[in-house]
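The structure presented is a predicted model; accordingly, all values stated were derived computationally and were not measured.
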Amino acid sequence: MPPDRGWLGLDGTPRFEGLSPLPPAGGFVAFRANDRLFGRTVRLVFGGEELLGKAWLAGRLEHPAAVTIHEAGLTPQGKAFAATTDVSAASPLGERGVRDTLRALAQAAEALAHAAGRGLARATILPDEILVFPDGSARLDGVLGWREAKDGDALAGVRSLQEILAQTLERTKSPDALLAALARHPYPTAAVLAADLRAWLEGRPLSVARDPVFRRLVRFSKKRPGLAAASLGTLVAAAGLSLFGASESRLAAGREAQAREIAASQDERRTDELLAEGVGLVSEVLSLDRERALVLARIEKRYHEVDAPHPAPDEVELASELSRLSAERDALARPARAALAGVLARRPGDGRASEGLRTLETGELEHL
């Protein structure tokens with residue numbers, strides 16, 4: 001039912017006006033209304049405490065491809081309400097062409113990725129929960145179907161979107177082997193799926209184009225064009241593949257491989273840092289070596305000029321200067337040597353590290 005007449009705006013008149021019924025939202029009664037307080041059209045949803053809990057979760061979403069919660073609370077009479085994006089002009093995804101469906105799925109995947117970043121997930125996504133507006137933009141509805149994300153939840157939404165794609169390919173009898181493989185590939189996140197959907201729409205290479213599992217799926221679809229657009233369930237029975245061409249062990253292996261790649265990348269970055277540190281210190285050591293060479297030349301010259309049993313005061317001063325420079329050199333050479341040795345341990349044969357160590361050794365010999 002519409003809100004009680006006692007729910008008023010700042011001027012004492014009814015805040016919402018022009019209410020007209022809309023299809024239920026998440027099992028709750030919904031209306032289209034004009035919000036006079038904020039000057040916008042909204043979908044008003046009414047319910048009990050459960051509505052407020054769901055609206056509180058969905059209120060985290062701030063993405064153009066997601067139906068969002070503008071406000072939630074209680075009317076003066078204690079009735080729970082939520083004001084969401086106006087969806088009255090939109091229509092469900094339904095049975096559209098392949099390109100239009102992919103465009104809508106890409107936007108839904110982007111919204112799903114945004115939700116994952118806010119700690120939210122969906123158990124399932126139905127075609128009717130993807131709404132397409134007259135300008136071609138799409139929004140992921142089911143605004144009251146979000147829940148706190150748990151382990152594995154991220155994949156559930158991705159699988160739902162891929163299932164919608166597979167059903168579209170089956171219905172349209174599309175022969176596109178690339179899309180058939182895309183619908184079955186074990187994408188790890190909604191963000192990666194969204195990027196590849198966009199790539200296909202824009203004619204760019206897919207991020208998984210070199211993945212061996214994906215390439216196998218493409219070959220399978222090309223060899224069996226009659227099954228290329230089949231639903232995921234049919235493909236499982238016909239090809240003996242899992243829903244996404246990989247079992248949970250494959251996903252675990254993928255996560256382990258990703259972890260190894262991250263570790264390798266971090267190790268490579270640390271190696272580069274050590275090299276930069278070592279080369280920088282060697283440069284400082286070379287500068288000190290040049291100063292030491294000048295002092296040594298002056299000491300040698302004074303040695304030949306002075307014929308006395310004891311060093312002259314300036315000779316003592318030169319010896320003290322040489323000792324100071326040598327101490328500074330040793331203090332820099334030790335960490336430089338350690339850094340460059342660390343580089344060679346991680347990256348054997350590195351030319352700059354080897355050259356740096358040779359420079360340090362040459363200076364040490366001259367020092368001795």
Side-chain angles (χ1 to χ4, degrees), residues 113 116-117 188-189 191-192 195-196 198-199 202 204-212 214-215 252-368:
T189 66
V192 181
D196 272 1
R198 290 287 188 190
E202 297 168 7
R204 295 183 285 105
L206 305 186
S207 66
V208 295
R210 296 181 179 275
D211 187 284
F214 183 80
R215 295 172 70 175
R255 288 192 291 269
E256 291 175 3
Q258 185 179 31
R260 287 195 296 271
E261 291 178 4
I262 293 173
S265 175
Q266 292 174 338
D267 187 65
E268 187 70 16
R269 184 166 59 250
R270 177 55 182 157
T271 302
D272 290 337
E273 291 173 354
L274 286 173
L275 181 60
E277 177 186 350
V279 169
L281 290 172
V282 168
S283 177
E284 294 183 50
V285 168
L286 285 174
S287 178
L288 288 172
D289 282 345
R290 286 190 289 271
E291 291 185 54
R292 288 172 56 245
L294 292 175
V295 174
L296 282 169
R298 292 171 61 190
I299 290 175
E300 184 177 2
K301 180 180 178 183
R302 287 294 292 149
Y303 175 78
H304 292 292
E305 290 177 347
V306 178
D307 185 13
H310 303 290
D314 61 335
E315 289 182 286
V316 174
E317 183 178 341
L318 287 173
S320 176
E321 176 68 6
L322 179 62
S323 177
R324 182 187 66 80
L325 291 173
S326 297
E328 289 184 14
R329 184 195 192 280
D330 291 341
L332 292 175
R334 282 193 297 272
R337 190 181 302 105
L340 295 175
V343 172
L344 291 176
R346 291 173 165 83
R347 192 188 295 160
D350 187 284
R352 296 180 67 190
S354 299
E355 179 62 27
L357 285 176
R358 283 195 294 270
T359 299
L360 291 175
E361 291 171 0
T362 300
E364 287 171 356
L365 291 175
E366 292 177 351
H367 175 38
L368 293 175

Could you give the distance from OG (S287) to CZ (R290), rounded to the nearest 0.5 Å? 5.0 Å
To the nearest 0.5 Å, what is the distance between CZ on R347 and CZ on R352? 9.5 Å
Beyond-backbone contact of E277 with L274, side-chain heavy atoms, under 4.5 angstrom: yes
What are the two closest heavy atoms between D196 and L206, and how far apart are they? O-CD2, 3.3 Å
Residue pair R298 / E321, side-chain heavy-atom distance below 4.5 Å: no
Give me the atom names and distance for the closest heavy-atom approach of A113 to A191. CB-N, 3.7 Å
Pairwise distance CG(L281) to CZ(R334) - rounded to 0.5 angstrom: 11.5 Å
Distance (rounded to the nearest 0.5 Å) between R329 CZ and L322 CG: 11.5 Å
For E317, look at atom CD and say whether over 12 heavy atoms of other residues, nucleotides or ligands are found less than 6.0 Å away. no
Over all heavy atoms of both residues, which pair between L340 and L275 is shortest? Give the atoms and the distance, please. CD2-CD1, 4.2 Å
Write down the atom of A199, the atom of P205, and the distance for their closest heavy-atom approach. CB-O, 3.7 Å
Do you know which two heavy atoms are closest between S354 and L344, and how far apart they sit? OG-CD2, 3.7 Å
